[in-house]
**Q** 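Before I ask anything, here is the structure I am working with.
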Amino acid sequence: MGRTDDNKPFDLPRDGQKVLIPDHRNDENLAVGQTHLAFIRFHNRVIKELSSVPQAKRFAKARRAVVKHYQWMIRTDYLPRICEESVVDDVFTNGRKVFEPNASTSLATTMPIEFSVAAFRLGHSMIRSEYEWNAIFQDGGGTLEALFSFSGTGGNLSENNPLPGIWPADWRRLFDFPAAGHANLAAPPGRFNCAMRIDTRVVNPLNKLPLGALGLKKKPKDKLELNLAFRNLMRGRMVKLATGQDMVGRLKAKGVTVTALTKNQIVNGSGGADLSSLTPAQRNAVAANTPLWFYILREAELNDGKLDGVGARIVAETFHRAIAGSKASIIRHKNFVPHFAKDDTTFNMPDLLFFAFEGKKQLLNPVK
């Protein structure tokens, strides 16, 4: 998970140029880095809550508690927000039909390539071009470019060049605390950030990613290589990923009820990517063999911004497999209830942040 340094409480732990977390990609941009930091603080707060547990057993117990709370949040809050809820309920009630449906929980958890290269790249369409980040970086100041700059991988942060004190997140602007029962933690009027809807569009700053985020030292000859949408589509082609139509057929063969998108839906969508600049032959080719990433985003676009059909099934089943295969699992340990919220029926990101930052406004919003 990582640790926090008392002298740098709002930055990820760093040792020279290296960030001290298991996956350095979580230091690619400030939004992800601050989220990882929040989870570190949550874990450390759980450790403190377990002070009566013998020290030899404390870490393992805290780890189980953190994992299960995270799983609970994914199952009850996150997945229903991004996926058609009926699909999520079907998977978690009746089990998986497509992705390792009979896998033993003792086997190592794997991740389908359809998830990693296509379905879970849904977040790329949800990113904003700028954020009401905190009291200083607002009104256009919290640009996506800046959020990449103030990180270690996409930018230049290090132990000797830590996150400046004017850049920590104002969490009230990023999550709806009043809806979670914390009325005194509302974002300033007009300053709350909503994610973009899931559809076939991405914001312009993502057409020119920073070199560090891609592991590059110099600019490529072709600027298209910096374009996130281009990279997603090319990656799918390189690994010979199934098309959207292929996945519809596979799901149906496994007994999943799914309605294929029509040619008109794929080509025209609903307020998303405009394919009118393509030739008729190119549009026909896209409609006949639709790249899976594009197909899944088009499904969501036509479903008011929620994954449906192919996309919802891949995402829900992948998370189900991961949770079922975890040593600490709310699927196998059905009596689990969350402990670190106002009651034992809900636990979401505002609850996690409230607990992690001790319910203190000055920690949830340190920049004045």
Side-chain angles (χ1 to χ4, degrees), residues 25-26 28-36 38-39 70 73-85 87-88 114-133 137 140 142-148 151 154 169-176 179 187 191-210 213 227-233 235-236 244 269-274 291-316 318-319 348-350 352-353:
R25 292 175 297 179
N26 284 354
E28 180 187 65
N29 63 70
L30 186 57
V32 177
Q34 290 281 282
T35 301
H36 190 115
F39 273 88
Y70 176 61
M73 185 166 62
I74 292 294
R75 166 63 186 98
T76 63
D77 188 45
Y78 177 67
L79 286 177
R81 287 180 186 271
I82 66 167
C83 295
E84 191 64 46
E85 196 161 359
V87 178
V88 178
E114 295 84 1
F115 175 87
S116 61
V117 177
F120 208 55
R121 292 175 183 264
L122 63 97
H124 294 162
S125 74
M126 301 172 71
I127 298 170
R128 305 186 66 84
S129 60
E130 58 188 44
Y131 290 83
E132 296 285 330
W133 186 251
F137 296 97
T143 65
L144 191 56
E145 181 181 8
L147 296 187
F148 273 98
S151 67
D170 178 354
W171 290 109
R172 304 171 307 160
R173 299 167 182 242
L174 299 171
F175 292 94
D176 192 350
R191 302 297 187 187
F192 187 73
N193 298 275
C194 290
M196 305 293 282
R197 75 163 184 161
I198 305 173
D199 58 23
T200 52
R201 296 175 299 174
V202 293
V203 293
N204 284 337
L206 294 176
N207 66 4
K208 190 179 180 182
L209 294 171
N227 186 300
L228 181 62
F230 174 80
R231 295 181 68 86
N232 285 344
L233 293 169
R235 186 175 283 109
S270 178
D274 182 1
L292 186 56
W293 180 58
F294 185 89
Y295 187 96
I296 287 168
L297 294 181
R298 205 60 130 181
E299 281 184 325
E301 180 182 301
L302 293 159
N303 190 46
D304 199 27
K306 271 193 173 185
L307 295 186
D308 195 14
V310 171
R313 176 62 58 167
I314 293 174
V315 169
T318 302
F319 274 105
N348 50 36
M349 197 63 184
L352 183 147
L353 291 165

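For the numbers below, each heavy atom of this structure counts, side chains included, while hydrogens, waters and symmetry mates do not.
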**Q** Could you pull out all residues at least two apart from Ala119 that satisfy side-chain contact (heavy atoms from CB on, under 4.5 Å)?
**A** Ile296, Ile314, Val315
**Q** What pairs with Asn232 under side-chain contact (heavy atoms from CB on, under 4.5 Å), at least two apart in sequence or on another chain?
**A** Arg121, His124, Leu228, Arg235, Trp293
**Q** Does atom CZ of Arg25 have more than 12 heavy-atom neighbours, drawn from other residues, nucleotides or ligands, at distances under 6.0 Å?
**A** no
**Q** Counting only pairs under 3.5 Å, give me each side-chain donor-acceptor contact of residues 302-312, with atom names and distances, residues two or more places apart or in other chains.
**A**
from, atom 1, to, atom 2, distance (Å)
Asn303, ND2, Glu84, OE1, 2.8
Asn303, ND2, Lys306, O, 3.1
Lys306, NZ, Pro80, O, 2.7

**Q** Which residues pass the salt bridge (charged side-chain N to carboxylate O under 4.0 Å, His left out) test with Arg201, sequence neighbours left out?
**A** Asp199
**Q** Apply side-chain hydrogen bond (donor to acceptor under 3.5 Å, both in side chains) to Asn348 and list each qualifying residue two or more places apart in sequence or on a separate chain.
**A** none
**Q** Arg231: what forms a salt bridge (charged side-chain N to carboxylate O under 4.0 Å, His left out) with it, not counting sequence neighbours?
**A** none
**Q** Identify the two heavy atoms, one from Leu144 and one from Pro205, that lie closest to each other, and give their separation to 0.1 Å.
**A** CD2-CB, 3.8 Å
**Q** What heavy-atom pair brings Leu353 and Phe175 nearest, and what distance separates the two atoms?
**A** CD1-CD1, 3.5 Å
**Q** Taking only residues two or more places apart in sequence, or in another chain, which ones meet Glu132 in a side-chain hydrogen bond (donor to acceptor under 3.5 Å, both in side chains)?
**A** Arg191
**Q** Could you list the residues that satisfy side-chain hydrogen bond (donor to acceptor under 3.5 Å, both in side chains) with Glu114, not counting sequence neighbours?
**A** none
**Q** Going by side-chain contact (heavy atoms from CB on, under 4.5 Å), name the residues that satisfy it together with Tyr70, two or more places apart in sequence or in a different chain.
**A** Phe39, Met73, Ile74
**Q** Check side-chain contact (heavy atoms from CB on, under 4.5 Å) between Ala273 and all other residues, then give those that pass, not counting sequence neighbours.
**A** Thr200, Phe294, Arg298
**Q** Report the residues that fulfil side-chain hydrogen bond (donor to acceptor under 3.5 Å, both in side chains) with Asn29, sequence neighbours left out, ordered by chain and then residue number.
**A** none
**Q** I'd like to check the ring pair (Phe, Tyr, Trp, His ring centres under 6.0 Å) partners of Phe120; sequence neighbours left out, ordered by chain and number.
**A** Phe115, Phe319
